[in-house]
Amino acid sequence: MGSFAIEGSKFVYRDRDEEETLIDFEDYFSNKGRVPFHTFMDDVTIPSLIIDNMDKHDEYCDGDAVKSSFSAYYTMLDVLFIREHIKSKYPKKVIEVGAPDTVITDHIMNILFELHPETEYHKVDESEIMDYQSGYKDYFDIAIINGTCEDESWKEKLELVEKAVKSTARVLCLSVDQPLLEQLVSSMSGFIKEYCLSGNAKLFDIDFRRD
Amino acid sequence: MRRVAAISWIDEPWTNIEIGKDCGLIPYLLHKNHGCDVTIVTGPGEDYPVLKYMDDLKLIRLSDNSLETRKQFITEQGKDIDLLMFYGVTGHNILVSEHLRAINPNCMMTCSLDMNAEYADRIPFYKEPYFGYFDNLDLMWQSNKVMTDFLNEKWCWNVECERNGYYNLETGTSYTDYVPIDQRENIIVYVGRIDEVDKVTSILLNSFAAIADSVPDWKLKLVGPVEKPFDEFVDKFMADHADLQDRIIFTGNINDRGRLHKEYESAKIFATSTRHEGGPNAWAEAMCAGNVMAVTRIDAYKDFIGNDECGLSCPIDDEAAFTEMLLKLCTECDLDKMSRAAFEIGRTKYNFEKVVEDIYGKLCDRGF
């Protein structure tokens with residue numbers, strides 16, 4: 001199991017001897033978004049967006065003690081989402097599939113409100129899966145898979161993601177006790193990073209490349 | 001005749017040094033080479049010996065350096081100005097530009113951004129008053145390619161690349177003759193403010209002291225004002241290195257442009273351990289004089305040295321690496337080849353008359 005920490009200007013993930021800087025707030029050239037890493041005044045910054053979500057996480061969870069306890073995963077997800085979004089100044093198209101709860105949605109919407117209000121965010125509920133299967137192809141820049149509850153149709157949802165995202169896209173997946181989902185995600189095409197902060201949950205960061 | 005004004009950017013007058021570099025040279029060359037009626041607008045408290053080289057350049061000295069007095073100037077004369085040139089993104093400039101827009105909506109505005117990556121990051125450009133300032137500009141430029149490309153990827157406005165070039169005010173041209181390396185002395189020259197906060201001159205001094213025994217026929221020459229409180233460091237350093245008294249030379253500031261150019265031309269290497277720069281004028285002057293470059297990796301460094309054709313670079317704030325770089329240049333590198341490459345790139349990329357011709361052309365394309 002690894003750990004996730006703020007060290008100086010960096011968010012760092014460490015697992016045994018391996019260390020990865022997820023975002024470095026002094027690497028100014030990495031930020032092509034509009035919200036600054038630092039500010040002269042009291043303006044909103046990328047770190048303040050992340051911290052604001054940390055403060056609001058329990059509120060987003062609305063009494064769900066399990067989800068509240070995974071706050072570090074949600075913060076990592078925020079960091080990975082922001083890192084991807086600020087690679088360019090342009091709005092993105094984002095799809096969220098999986099569990100019906102809105103904890104991830106609340107996190108991301110709170111970020112996008114400042115980071116890029118023009119970014120499209122589609123949270124696909126169970127009844128819309130077929131519509132999205134038929135209506136969206138090569139469309140989304142980022143997919144988020146909310147694997148925080150049991151689901152019998154992970155295979156269909158992964159198929160939707162693989163079809164609906166662009167040929168190169170970023171796929172982020174938070175999985176809590178979902179071995180089938182983890183198995184399916186691990187076999188996606190592209191470069192896959194796996195982060196584990198506790199025994200029963202994993203966060204996947206996939207640089208998706210359609211074959 | 002199109003009337004142009006260049007107004008100082010903070011609550012201080014233009015400095016003499018600023019008038020002698022891009023802040024003053026671009027307006028001056030718009031006047032000299034393109035026939036514009038140019039006025040430099042400044043406040044009290046500064047003398048301008050450099051103006052002896054800048055014939056017919058008008059100077060308006062406001063009664064004080066306050067924002068209100070600047071706005072009063074715009075109220076009184078803004079209607080007659082065709083182009084107001086700003087330097088930098090400052091509170092004064094933003095407020096003056098807003099006022100000018102109200103007084104004379106047809107007046108064009110330009111800004112030389114003078115950004116580095118850290119400063120660009122800290123500006124919430126999508127919010128007022130920054131958004132309005134940038135959106136009101138007819139032309140803005142950055143003085144190096146790296147930052148220009150970055151800003152164009154980040155911002156929603158077009159940013160042009162207009163490098164800080166070289167122009168010899170004494171001879172009245174950007175063209176210089178090349179002095180071959182074998183006709184130069186074994187001198188490492190530095191030109192600029194001598195301080196610690198931005199220029200980290202302690203690294204340059206310590207590095208030279210560290211290699212002095214290995215390169216006994218080399219000298220270090222520092223041209224520029226020694227700023228307080230760094231003068232205390234310099235005094236102690238020179239006391240601790242009494243054996244280098246004759247090999248480390250502080251000339252002080254040199255206002256004589258011809259003499260300054262000679263200082264570049266007589267040296268083989270230009271070295272700087274600076275931490276912050278936008279598009280450094282001294283680097284352009286050094287390249288145009290054919291100096292081999294020993295520089296830190298500021299945002300713009302590759303714009304100057306390319307892939308080490310014109311010199312070497314090392315990380316910022318890394319004294320050991322800077323020392324190694326200086327030693328390598330003095331003992332191992334083909335200085336003749338590097339010097340010729342620097343001169344050639346300086347001649348083509350950093351010719352200030354060509355830069356201003358490009359700016360003038362872009363202004364005309366936009367209706368100037």
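A note on names: the letters A, B, ... follow the listed sequences, proteins ahead of strands, and every chain is numbered from 1.
- A salt bridge links B/E162 with B/K362: the distance from a Lys NZ or Arg NE/NH1/NH2 to an Asp or Glu carboxylate oxygen falls below 4.0 Å.
- Using modelled atom types, one finds no donor on one side chain facing an acceptor on the other under 3.5 Å when comparing A/Y28 with B/N116.
- Scanning both residues, A/I145 and A/L158, for their nearest heavy atoms gives CD1-CD1, 3.9 Å.
- Of the listed residues (B/R122, B/M147, B/E118, B/K127), the one with the most heavy-atom contacts under 4.5 Å to chain A is B/R122.
- Contact count versus chain B (heavy atoms, under 4.5 Å) is highest, among A/M41, A/E26, A/E114, for A/E114.
- The part of B/N152 that comes within reach of chain A is its backbone (N, CA, C, O), which places non-hydrogen atoms under 4.5 angstrom from that chain.
- A salt bridge links A/D205 to A/R83: at least one charged side-chain nitrogen sits closer than 4.0 Å to a carboxylate oxygen.
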